[in-house]
Structures are given as C-alpha cells and as structure tokens.
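Along the sequence shown, residues are numbered consecutively beginning with 1.
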Amino acid sequence: MTKNRENAQISVAQASDQPAILDLIPMLADFDVPAARNPDDLWMSDAELIRQHFAGSAPQTRVLVVKGAEQQLLGFALVSIGEEPLSHASNAHLEAIVVAPEGRGLGLGRRLMAATEHLAREEGVSSVTLNAFANNRRARNLYESLGFDGELIRYIKRLPSEPSA
C-alpha cells in the first residue's frame with residue numbers, strides 16, 4: 001500500500017464500519033499507560049459507546065471515519081454532543097480518536113480533528129473538549145498544535161482496600 005494522504009477520505013461512519021472500528025479501538029491504550037491502570041479500561045467504555053451508537057441508542061454520538069484508497073479503515077473519531085461540564089454551554093466532546101499504524105505520519109489525525117471541529121460547527125456548539133493522559137505525548141502534541149488548551153489537571157490517589165473486620 002502506498003502511503004498517500006490525498007487518497008484518504010473522511011466521512012460519517014456507516015454500520016458496516018463498526019467491526020473495523022472495534023478492531024482499532026484498543027489502540028487507545030497504545031502509549032505508556034500508567035502502571036496502576038488496566039489498559040483495557042482506557043477503551044472498553046468507548047467500545048460500548050460505539051456499539052450503542054450503531055444500535056441507535058446513543059443519539060448524542062457522532063462517528064467519523066477516514067478510509068484509504070481501497071476503502072480500508074485508517075482511523076476514526078467518536079464525538080458526543082452535549083454540555084460543557086463547567087459552563088453548561090453546548091459542546092462537542094471528543095471521546096476517542098485513533099489512527100491505525102499504517103495511517104500514521106500522513107496527517108490523518110489532524111484531518112480527523114479538523115473534521116471533528118467542522119462537525120461541531122455544524123452542530124452549533126461553542127467548544128470542543130477532550131481528555132488526554134499526561135504521559136500520552138503523541139496525543140498531547142497533536143492537540144496542543146491544533147490550539148487546544150490544557151486547562152485542567154486531574155489528580156488521582158489510589159486507596160488501599162480496608163482490612164476485613
């Protein structure tokens with residue numbers, strides 16, 4: 001396969017795309033996952049949201065896909081339309097974005113992000129939000145280069161289970 005970004009096309013996902021999207025979704029844990037985290041926890045709820053979307057039971061979700069010249073799935077973006085948690089203004093939240101290894105280095109992540117912003121504008125929302133792990137430098141570099149502002153820091157403290165009485 002020749003790597004050619006011009007041949008890649010972004011569109012709204014169809015039901016027939018679901019299996020390929022679900023094959024890619026574990027790649028959400030394709031970085032140095034914090035030791036205390038189960039990598040499956042990083043993508044299982046997004047996989048369920050994808051299933052709900054295609055079953056018609058998640059009307060707030062939108063799924064965009066990028067496909068190569070042979071119509072192979074090279075990536076996707078999962079977006080939920082709702083409220084921004086602090087201001088309650090309309091918002092598009094990027095739940096997940098994945099580019100397959102064979103699609104990396106072609107600018108497909110940037111193109112999916114641009115398509116997500118275009119979708120958000122069409123939906124009439126006032127912002128796009130997303131979450132990223134602090135040590136996921138590849139993702140954070142992309143988001144920051146696109147003008148996203150890392151405004152919140154989430155802390156976690158793991159509590160030991162209490163001894164039995």
What is the distance from atom [atom1] of [X] to atom [atom2] of [Y], rounded to the nearest 0.5 Å?
| X | Y | atom1 | atom2 | value |
| --- | --- | --- | --- | --- |
| N136 | Y143 | CG | OH | 7.0 Å |
| L78 | T116 | CG | OG1 | 9.5 Å |
| L130 | I97 | CG | CD1 | 9.0 Å |
| L152 | L86 | CG | CG | 6.0 Å |

Does the side chain of [X] reach to within under 4.5 Å of the side chain of [Y], using non-hydrogen atoms?
| X | Y | answer |
| --- | --- | --- |
| Q52 | T61 | no |
| V128 | F148 | yes |
| N91 | S126 | no |
| Q9 | V66 | no |
| S145 | R110 | yes |
| V79 | H93 | no |
| S11 | V65 | yes |

Are [X] and [Y] grouped together when hydrophobic residues (ILVMFWY) are joined by side-chain heavy atoms under 4.5 angstrom apart?
| X | Y | value |
| --- | --- | --- |
| L106 | L142 | yes |
| V99 | V63 | no |
| L64 | M113 | yes |
| F76 | L146 | no |
| L74 | L94 | yes |

| With sequence neighbours left out, what residues match R137 under side-chain hydrogen bond (donor to acceptor under 3.5 Å, both in side chains)? | N141
| message | Please enumerate all residues that pass side-chain hydrogen bond (donor to acceptor under 3.5 Å, both in side chains) together with E84, with sequence neighbours excluded. | response |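 Only S87 meet the side-chain hydrogen bond (donor to acceptor under 3.5 Å, both in side chains) criterion with E84.
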| task | Please name all residues satisfying salt bridge (Lys or Arg N to Asp or Glu O under 4.0 Å) with R37, sequence neighbours left out, ordered by chain then number. | result | none
| request: Please step through side chain to side chain contact (heavy atoms under 4.5 Å, CB included) for the pair Q60 and L49, ending with a clear verdict. | output: CA-CA 10 Å; Q60 78 284 5; L49 190 54; 4.0 Å; yes
Nearest atoms (heavy-atom pairs only) where [X] meets [Y]:
| X | Y | result |
| --- | --- | --- |
| D46 | L42 | OD2-O, 3.7 Å |
| G75 | L112 | C-CD1, 4.1 Å |
| G103 | L108 | O-CD1, 3.5 Å |

| Taking atom types as modelled and ignoring hydrogens, do the side chains of E95 and S80 form a donor-acceptor contact shorter than 3.5 angstrom? | yes
Please output the side-chain donor-acceptor pairs of residues 12-28 that fall under 3.5 Å, not counting sequence neighbours, one pair per line with the distance.
residue	atom	partner	partner atom	Å
Q14	NE2	V12	O	3.2
D17	OD1	K67	NZ	2.6
D17	OD2	Q14	N	2.8

Cut-off 3.5 Å, no hydrogens considered: what does the side-chain donor-acceptor table look like for residues 117-125, sequence neighbours left out?
residue	atom	partner	partner atom	Å
H118	NE2	E122	OE2	3.1
E123	OE1	R62	NH2	3.3
E123	OE2	R62	NE	2.8
E123	OE2	R62	NH2	3.3

| query | Hey, mind stepping through E70 and N7 against side chain to side chain contact (heavy atoms under 4.5 Å, CB included) and telling me if it holds? | reply | CA-CA 9 Å; E70 291 87 36; N7 289 337; over 6 Å; no
| Who pairs with F31 by ring-ring contact (aromatic ring centres under 6.0 Å, His included), at least two apart in sequence or on another chain? |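 By the ring-ring contact (aromatic ring centres under 6.0 Å, His included) rule, F31 matches F133.
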| field | D149 side chain vs E151 backbone, donor-acceptor pair below 3.5 Å | value | no
| field | Verdict with supporting geometry, R138 and R104, side chain to side chain contact (heavy atoms under 4.5 Å, CB included) | value | CA-CA 11 Å; R138 182 177 60 215; R104 292 184 185 158; 3.6 Å; yes
